[in-house]
Amino acid sequence: MIYKEFHPDKLLTDFVKNYWWFDNSTTEQLDFTILPDGCFDLIVSFDNYQQEDISLTGLWTKQVDVSIEPNKQLFGVRFKLLAVDYILQQNISSFCDSWIFRCNCAACFGDVVPLEKEWFPG
């Protein structure tokens, strides 16, 4: 398992807290509890480095249990609350403790280009 966080460029720090990468290269499902951090995330999911779906979380006000399947990778952009006005142009309270959207890439964008493992940090 690999988890890393990366700082955004100074121009984005008002809106982006960090970028993160999670790679479950094990053969077992990994279970975690995520605590509220005052942010919302855009998450790109991969299955064995092939893009699978994209999702946007709301603001979590309570802990959330998640399970990451074997050979799954996640890339996330963790946005600060200030960004919600610019991205969603709505009040964040309507998105608390929920997923704003989840999209299967093939259904939304057609064919997805496979990614090479060496393109990712780790």
Side-chain angles (χ1 to χ4, degrees):
M1 178 203 75
I2 296 170
Y3 178 79
K4 292 186 176 186
E5 291 185 354
F6 307 92
H7 297 289
D9 184 271
K10 192 172 250 185
L11 291 171
L12 298 174
T13 57
D14 286 343
F15 304 104
V16 176
K17 182 174 182 179
N18 59 32
Y19 307 100
W20 53 269
W21 173 254
F22 182 91
D23 187 348
N24 181 10
S25 54
T26 71
T27 58
E28 299 178 15
Q29 175 178 300
L30 299 176
D31 299 317
F32 297 95
T33 299
I34 299 174
L35 300 176
D37 61 4
C39 298
F40 65 101
D41 292 76
L42 178 68
I43 302 170
V44 182
S45 302
F46 300 88
D47 184 0
N48 203 26
Y49 298 94
Q50 299 248 355
Q51 189 175 354
E52 194 171 56
D53 61 38
I54 298 173
S55 49
L56 183 64
T57 71
L59 177 68
W60 301 110
T61 62
K62 54 188 173 188
Q63 67 184 35
V64 178
D65 294 323
V66 297
S67 297
I68 311 295
E69 298 295 323
N71 295 312
K72 295 286 186 177
Q73 298 80 34
L74 303 171
F75 173 76
V77 180
R78 185 167 294 131
F79 291 99
K80 295 179 179 179
L81 281 181
L82 180 61
V84 76
D85 290 333
Y86 294 94
I87 294 173
L88 303 177
Q89 298 179 352
Q90 295 188 28
N91 188 318
I92 191 66
S93 64
S94 59
F95 301 115
C96 286
D97 299 317
S98 66
W99 293 92
I100 296 172
F101 73 83
R102 283 185 162 169
C103 177
N104 175 286
C105 292
C108 291
F109 306 113
D111 293 334
V112 178
V113 176
L115 300 174
E116 300 296 326
K117 184 175 182 176
E118 43 288 343
W119 293 356
F120 292 94

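Predicted, not measured: the structure shown is a model, and the values here were computed from it. We count residues from 1, following the sequence as given.
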For the residue pair [X] and [Y], establish whether any side-chain heavy-atom pair is separated by less than 4.5 Å.
{"X": "Phe79", "Y": "Thr57", "result": "no"}
{"X": "Ile54", "Y": "Leu42", "result": "yes"}
{"X": "Phe15", "Y": "Lys80", "result": "no"}
{"X": "Leu74", "Y": "Tyr3", "result": "no"}
{"X": "Thr61", "Y": "Pro36", "result": "no"}

Q) Is it the case that one hydrophobic cluster holds both Trp20 and Leu35, taking links as side-chain heavy atoms less than 4.5 Å apart, direct or via other members? A) no
Q.
Grouping I, L, V, M, F, W and Y whenever their side-chain heavy atoms are under 4.5 Å apart, do Val16 and Leu11 come out in a common cluster?
A. no
Q: Measure up the Phe32 and Phe22 rings against each other and bin them: parallel (under 30°), tilted (30 to 60°), perpendicular (over 60°).
A: perpendicular
**Q.** Minimum heavy-atom distance between Lys17 and Cys39, given as atom pair plus value
**A.** CD-SG, 3.6 Å
Q: Work out which heavy atom in Gln29 is nearest to a heavy atom in Ser67; give both atom names and the distance.
A: NE2-OG, 3.3 Å
How long is the straight-line distance from [atom2] of [Y] back to [atom1] of [X], given to the nearest 0.5 Å?
{"X": "Lys4", "Y": "Asp23", "atom1": "NZ", "atom2": "CG", "value": "10.5 Å"}
{"X": "Asp41", "Y": "Leu59", "atom1": "CG", "atom2": "CG", "value": "10.0 Å"}
{"X": "Phe75", "Y": "Phe6", "atom1": "CZ", "atom2": "CZ", "value": "8.0 Å"}
{"X": "Glu69", "Y": "Thr27", "atom1": "CD", "atom2": "OG1", "value": "12.0 Å"}

Q. Does Lys72 have any salt bridge (Lys or Arg N to Asp or Glu O under 4.0 Å) partners at least two apart in sequence or in another chain, and if so, which?
A. Asp47, Glu52
Q) With sequence neighbours left out, what residues match Asp14 under salt bridge (Lys or Arg N to Asp or Glu O under 4.0 Å)? A) none
Q. Sub-3.5 Å donor-acceptor pair from the side chain of Gln73 to the main-chain atoms of Asn71, do we have one?
A.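 Checking the backbone N and O of Asn71 against the side chain of Gln73, a donor-acceptor pair under 3.5 Å is found.
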Q: May I ask you to decide if Ile68's main-chain N or O and Asn24's side chain share a donor-acceptor pair within less than 3.5 Å?
A: yes
